[in-house]
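Structure, as structure tokens:
Heavy-atom basis, side chains included; hydrogens, waters and symmetry copies ignored.
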Amino acid sequence: MKAREAGGRPRLRPVDLARMAGVSTQQIRNYADAGILPPTERTAAGYRRFDARHREAMLTYRVLAKGFGWDAARSIMQALHADGLPAALRIVDARHAGLHDQRLSLHAAAQALEAVAGQAPEAPGPPSSAMRIGEVAAHLGVRTSALRVWEAAGLLMPQREAGTGYRRYGAADVRDARMVSMLRQGRYPLPQIRAVLDDLRRTGSTAELRAVIAERHAALDRTSAAMLEGTAHLHRYVTDHLHVTDLHVTENRALPSDSA
């Protein structure tokens, strides 16, 4: 059985917490030193005294990281223990706002990509029907080195001038380069972009593009759900172990009438 403090709370060793989280005992000490865990008392011999608060703080941190990421989760727990709940909630709110901005950006990018993919090769856009690499780079606002990387990955297939070997980009090539640029801004990997372009060239369909966008939406949904789980753990931790009682502001205010 684990030792108990005078108040009856079970005393936990670093190794006990480490086993619960599947990390090393040194990692638990790092959590404590970084402020991820609440302050610890020490024995006369200098050993840390951990208890249920530290266990729940550690679990909360690790669940928060699934949705918010390790850096944000660390900042939330550090703010909570150093400056109180309002400081931690500001970080939580900022991350939720960032996720919302990603959704808006994805929606706008999806509409733009559909418009670009639907352009006929002869549709107006680039100033010339046969552009050189520097002209395309300037037209799209990218580096020429990026165009070369995309070509090496099989995303672009410009023609070459006889004799000089200079690349010549037709309207369809510029359209494809624009799509690649937009998808790369969304951090899509090159193999996924290639599948989109291959499908568009082979069938003229945007089905693969829509599948890519749908997967990104699904990824944001998974992140949102993980953030929800993390904030639920955070709520339980602060109410059960930090004795925060002012979370439910509506308890001390008149509820809005539903007759309006």
Given 3.5 Å as the limit, does a donor-acceptor pair link the side chain of [X] with the main chain of [Y], or not?
X	Y	result
Glu135	Arg132	yes
Asp173	Gly170	yes
Ser24	Gln27	yes
Arg168	Ala130	yes
Thr231	Met227	yes

Working to the nearest 0.5 angstrom, can you tell me the gap between [X] [atom1] and [Y] [atom2]?
X	Y	atom1	atom2	answer
Arg216	Leu183	CZ	CG	12.0 Å
Arg42	Tyr47	CZ	OH	11.0 Å
Thr223	Leu228	OG1	CG	12.5 Å
Gln78	Leu37	CD	CG	10.5 Å
His217	Asp221	NE2	CG	8.5 Å
Leu99	Leu104	CG	CG	10.0 Å

Please name the pair of heavy atoms, one in [X] and one in [Y], separated by the smallest distance, quoted to 0.1 Å.
X	Y	result
Gly35	His81	O-ND1, 3.0 Å
Arg184	Pro189	NH1-CA, 3.9 Å
Glu114	Leu209	N-CD2, 4.2 Å
Ile193	Val180	CG2-CG2, 3.9 Å
Val136	Val174	CG2-CG2, 4.2 Å
Val142	Ser181	CG1-OG, 3.6 Å

> Counting only heavy atoms not in Arg187, do more than 12 sit closer than 6.0 Å to its CZ atom?
Replying inline: no

With heavy-atom distances below 4.5 Å as the criterion, would you say the side chains of [X] and [Y] are in contact?
X	Y	result
Ile28	Val23	yes
Leu156	Leu147	yes
Asp198	Arg201	yes
Ile213	Tyr188	yes

>> By the definition side chain to side chain contact (heavy atoms under 4.5 Å, CB included), identify the one residue from Glu151, Gln159, Met157 that meets it with Arg167.
In response: Glu151

>> Going by side chain to side chain contact (heavy atoms under 4.5 Å, CB included), Leu80 matches just one of Leu242, Ile36, Leu89. Which one?
In response: Leu242

>> Test side chain to side chain contact (heavy atoms under 4.5 Å, CB included) on Thr203 and Glu208; report intermediate values, then the result.
In response: CA-CA 10 Å; Thr203 67; Glu208 187 67 28; over 6 Å; no

>> Applying side chain to side chain donor-acceptor pair (under 3.5 Å) to His100 and Arg103, what does each step give before you reach the verdict?
In response: CA-CA 5 Å; His100 179 63; Arg103 289 188 185 279; 6.0 Å; no

>> Assess the residue pair Asp199 and Arg210 against the criterion (salt bridge (charged side-chain N to carboxylate O under 4.0 Å, His left out)); give the C-alpha distance rounded to whole Å, side-chain angles, the decisive distance to 0.1 Å, and a yes or no.
In response: CA-CA 11 Å; Asp199 186 61; Arg210 290 172 180 168; over 6 Å; no

Validation: residues 59-71 side-chain donor-acceptor distances under 3.5 Å, sequence neighbours left out:
| residue | atom | partner | partner atom | Å |
| --- | --- | --- | --- | --- |
| Thr60 | OG1 | Glu56 | O | 2.7 |
| Arg62 | NH1 | Tyr31 | OH | 2.8 |
| Asp71 | OD1 | Arg74 | NH1 | 3.0 |

>> Between His54 and Arg49, is there a side-chain donor-acceptor contact under 3.5 Å, judged purely by atom types and distance?
In response: no

> Does the side chain of Asp93 come under 3.5 Å of the side chain of His96 through a donor N or O and an acceptor N or O?
Replying inline: no

> Going only through I, L, V, M, F, W and Y residues with side-chain contacts under 4.5 Å, is there a path from Tyr237 to Met20?
Replying inline: yes

> Do Asp83 and Arg90 pass the side chain to side chain contact (heavy atoms under 4.5 Å, CB included) test, and can you show the C-alpha distance, the side-chain angles, and the key distance before you say yes or no?
Replying inline: CA-CA 11 Å; Asp83 302 312; Arg90 284 192 286 271; over 6 Å; no

>> Can you list everything that forms a side-chain contact (heavy atoms from CB on, under 4.5 Å) with Ala211? Sequence neighbours excluded, please.
In response: none

